[in-house]
Amino acid sequence: NGSQLGMSDYYVLI
Amino acid sequence: MFEARLVSSGTLKKVLDAIKDLLNEASFDCSDTGIQLQAMDSSHVSLVSLSLRADGFDKYRCDRNLTMGMNLASMTKILKCANNDDTVTVKAQDDADCVTFVFESKKQEKISDYEMKLMNLDQEHLGIPETDFSCVIHMPSGEFSRICRDLSQFGESVIISCTKEGVRFSSSGDIGSANIKLAQTNNIDKEEETVSIDLQEPVTLTFACQYLNSFTKATPLSNRVSLSMSANVPLVVEYEIPDLGHIRYYLAPKIEE
């Protein structure tokens, strides 16, 4: 089913 | 002093229903332009972004920026005490450690107030850049909800594939497989029932059903939904809240192992 990416793979904390 | 009033408690109940599947608690950032909320679910796979404009409220006052951390299960208990057609006013003093919900019945014969303790929550704001998406699908929110519900019977993931011909939702698992194709429609008479696709280039991405189903809890807020996709960024599922704002959900895709 594939592995799940997370928000931190795309966006950085500000 | 912060004070925000909505004629219908039902709207606030729907907003809460749209976020409480994904979030146990959340910080509501209040300023003179309105109320914003941005929070990730506990697994950090999805993100909720809520915006309620000040001019969408029947009365709105916010003298100083205020962040109200709320336990959403507690907020749910309080909102259950309101009838949908009660007016709701949310009030807090500057630097307060509690918030008050005041419910007024239509004829003003019953007025109740509930005070809730606020929480200090860690603020984890993510910077989300403006994105030009490869495709944006506009469709009826009820149809999207139905598709997510139907396909989640077959597998844990849904593949969304968008081309100029239309959009295809697929799922497969132990019992078999399912495919739902939606073509673009040109039904001008019933605009709210149309499916439209703005396509720059075709995109195919895989997403976990569990999160998509949580997003569809926003369906009562809007009869339309948009799905925005590009190859290397999270899906954005957006519901416009008429005359009040919007709720957006971001979901990271699954990738081949």
Side-chain angles (χ1 to χ4, degrees), chain A, chain B residues 22-23 29 36 38-49 122-131 133 151-152 154-160 170-174 177 204-212 228-236 248-257:
Chain A
N1 255 327
S3 60
Q4 177 66 63
L5 295 172
M7 282 294 124
S8 59
D9 293 307
Y10 298 98
Y11 305 130
V12 292
L13 289 170
I14 51 171
Chain B
L22 292 162
L23 310 174
D29 296 321
Q36 313 282 331
Q38 193 213 67
M40 287 184 278
D41 74 286
S42 58
S43 64
H44 290 197
V45 167
S46 70
L47 180 140
V48 181
S49 174
D122 287 335
Q123 290 276 57
E124 283 192 316
H125 276 272
L126 294 178
I128 301 175
E130 285 290 315
T131 306
F133 288 96
L151 292 189
S152 58
F154 291 84
E156 290 177 0
S157 303
V158 171
I159 301 168
I160 306 178
S170 315
S171 186
S172 61
D174 293 342
S177 63
T204 297
L205 288 168
T206 304
F207 300 102
C209 286
Q210 172 201 340
Y211 294 96
L212 296 175
S228 301
M229 299 200 299
S230 284
N232 291 309
V233 294
L235 165 75
V236 183
R248 289 183 191 139
Y249 302 96
Y250 295 75
L251 178 60
K254 292 174 119 181
I255 55 165
E256 293 296 323
E257 289 185 86

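The model shown is predicted, which means the values in this text are computed figures rather than measured ones. Note on naming: letters A, B, ... go to the chains in the order of the sequence lines (proteins, then strands), and numbering restarts at 1 for each one. Just the heavy atoms: all of them, side chains too, but no hydrogens, waters or symmetry mates, feed the values below.
Shown here are the side chain to side chain donor-acceptor pair (under 3.5 Å) partners of A/Ser8, two or more places apart in sequence or in another chain: there are none. Applying the ring pair (Phe, Tyr, Trp, His ring centres under 6.0 Å) rule to B/Tyr249 yields the partners B/Phe215; only residues at least two apart in sequence or on another chain are considered.
What you find for B/Lys254 and B/Ser157 is that their closest heavy atoms are NZ-OG, 2.8 Å.
Interface residue A/Tyr10: only side-chain heavy atoms are found under 4.5 Å from chain B. Looking at B/Ser46, only its backbone comes within 4.5 Å of chain A, counting heavy atoms on both sides.
Among B/Pro129, B/Gly127, B/Gly173, the residue with the largest count of heavy-atom pairs under 4.5 Å with chain A is B/Gly127.
A/Gln4 places a side-chain N or O within 3.5 Å of a backbone atom of B/Ala252 that can act as its donor or acceptor partner.
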